[in-house]
Each structure stands twice: as C-alpha cells, then as structure tokens.
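Sequential numbering from 1 along the given sequence is applied to the chain's residues. Every number for a ligand or one of its atoms is a count from 1 in the order of the listing.
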Amino acid sequence: MNLILFGPPAAGKGTQAKKLVAERGFVQLSTGDMLRAARTSGTELGKRVAGIMDSGSLVSDEIVIALIEEQLNLNPKAAGFIFDGFPRTIPQSTALDDMLKSRGSQVHAVIRLKVDEQALINRITKRYEAEGRADDNPEAFRKRLDAYTNQTAPLIDVYRGQGKLQEIDGMASMEAVSAAIAGILDAHAKTTKAKGAGAKN
Ligand code: ADP
C-alpha cells in the first residue's frame with residue numbers, strides 16, 4: 001500500500017511516518033530527510049539546495065522527483081511506501097502518479113493532518129529553540145507556511161476529487177493521531193481483502 005502523509009510543515013508527519021516504518025514495515029520516503037542528508041554529506045546537490053531550504057522555499061520539482069524515483073528503484077520489493085513531505089506541488093503529484101503507474105501501482109490513500117496555523121508557529125518556535133534548524137527561524141517558517149498554502153494545499157482538492165483523501169485531527173495527542181492513522185490503514189486493508197484484489201504495492 002502506498003500512502004501519502006499530508007499536512008503543513010511541523011504538522012507531525014515525520015514522527016508518524018517513522019512509527020509506521022517501525023510498526024508496519026513501510027519504507028518511508030521523506031524528501032526533506034533526503035535533502036538534509038545530501039547537505040550533511042556535502043554533495044553537489046546538497047550545496048545547491050542549502051540556501052533554498054534555509055530560506056523556507058521549495059526546491060525544484062525536478063530535484064525532488066529525481067530523488068523519489070531513485071528510491072523507488074532502490075526498493076523494488078517494498079510492501080508499501082509512505083510519502084512524507086512529497087508531493088508538495090501539482091507537478092510533483094502528477095509525476096508520482098506516473099512513476100507508480102509505470103510500476104503497476106498507484107497512490108492508495110492520502111492522510112491529511114489538520115492543524116491550526118498558530119499552533120504550528122508555537123511548535124516551531126520551540127523546535128527552533130531546541131534544535132536550531134535554520135529553516136525554523138520565524139521568517140523562514142512563515143515562508144514555509146506560505147509555500148504550503150500556495151503550492152501544496154491545492155493538492156487537497158485533487159486527492160479529494162480522486163476519493164483518496166482522509167482527514168484527521170493533527171492537534172490531538174501523538175498517540176491519538178497514530179490511532180487514527182492505524183484505523184484508516186486497517187479499514188483499507190479490510191476493504192482490499194474483501195474485494196479480493198491483491199494490494200500490490
Ligand atoms: P517540514 O518540517 O517543513 O515538513 P521537510 O523536512 O519536509 O519540512 O522539508 C524541509 C525543506 O526541504 C522544505 O522547506 C523545502 O525547502 C525542501 N523540500 C522538502 N521536500 C520538498 C518537496 N517535495 N518539494 C520541494 N521542496 C522540498
């Protein structure tokens with residue numbers, strides 16, 4: 001099963017994705033983690049994206065799509081992928097559909113963590129104090145929220161139109177959010193089984 005965890009920056013997608021990896025054997029594909037890894041190891045790509053990331057803007061579609069494609073190729077036998085922080089634009093979502101389709105698969109569900117903006121600002125202010133991530137500084141964070149509103153939020157209607165969108169309360173406790181996600185995944189597994197269709201990837 002291929003799942004997209006969707007929501008604004010600092011909504012808790014990464015935390016939930018890591019839980020699903022540990023508990024259900026998903027392969028997590030986080031473009032944010034991949035880009036940070038490229039920076040840490042000092043690759044050409046890492047150098048190219050550093051300034052863009054720190055400013056809070058999105059890096060180019062071309063770069064993140066290539067990163068995802070590389071990971072899909074590296075994990076041909078994965079039971080399922082969990083996309084975290086990708087897709088973030090309409091062209092990215094179209095590219096994802098094409099990449100999965102060419103592998104005989106598709107996006108099965110999109111889980112949207114709904115959170116309020118002021119709570120995000122509070123969360124990120126704390127994270128900035130604790131971890132010092134450059135793109136958590138107030139100005140960059142404002143830009144990340146704007147990027148979400150302008151470039152990413154339009155995907156909500158796209159996935160709703162495809163009947164794939166499931167919305168949960170991202171302001172609930174971490175445990176409650178995990179339980180809500182688990183409920184959606186279990187219901188999906190049941191439906192797939194009932195249909196007798198193979199849940200291939
Ligand atoms: P967040 O904690 O804001 O969800 P991420 O760790 O997912 O952030 O991403 C950090 C930064 O990496 C983004 O602000 C952006 O510059 C870049 N980035 C990550 N994923 C993408 C993507 N799918 N498209 C464009 N840029 C991305």
*Do any N or O atoms from the side chain of Arg144 and from the backbone of Ala140 form a donor-acceptor pair under 3.5 angstrom?*
no
*asked:* Check the orientation of His108 and His188. Use parallel for under 30°, tilted for 30 to 60°, and perpendicular for over 60°.
replied: perpendicular
*Examine distances only and state if a side-chain atom of Lys19 and a backbone atom of Ser178 form a donor-acceptor pair shorter than 3.5 Å.*
no
*Output yes when a side-chain donor or acceptor of Thr89 lies under 3.5 Å from a complementary backbone atom of Gln151, and no otherwise.*
no
*Shell of residues surrounding ligand 1, defined by a 4.0 angstrom heavy-atom cut-off that is strict*: Pro9, Lys13, Thr31, Gly32, Leu35, Arg36, Met53, Ser57, Leu58, Val59, Val64, Gly85, Phe86, Arg88, Gln92, Arg127, Arg133, Asp135, Arg144
_Main-chain N/O of Gln106 paired with Asn2 side-chain donor or acceptor, under 3.5 Å_ = yes
_With a 3.5 Å distance limit and no angle check, can you tell me whether Thr31 reaches the backbone of Gly85 through a side-chain donor-acceptor pair?_
yes
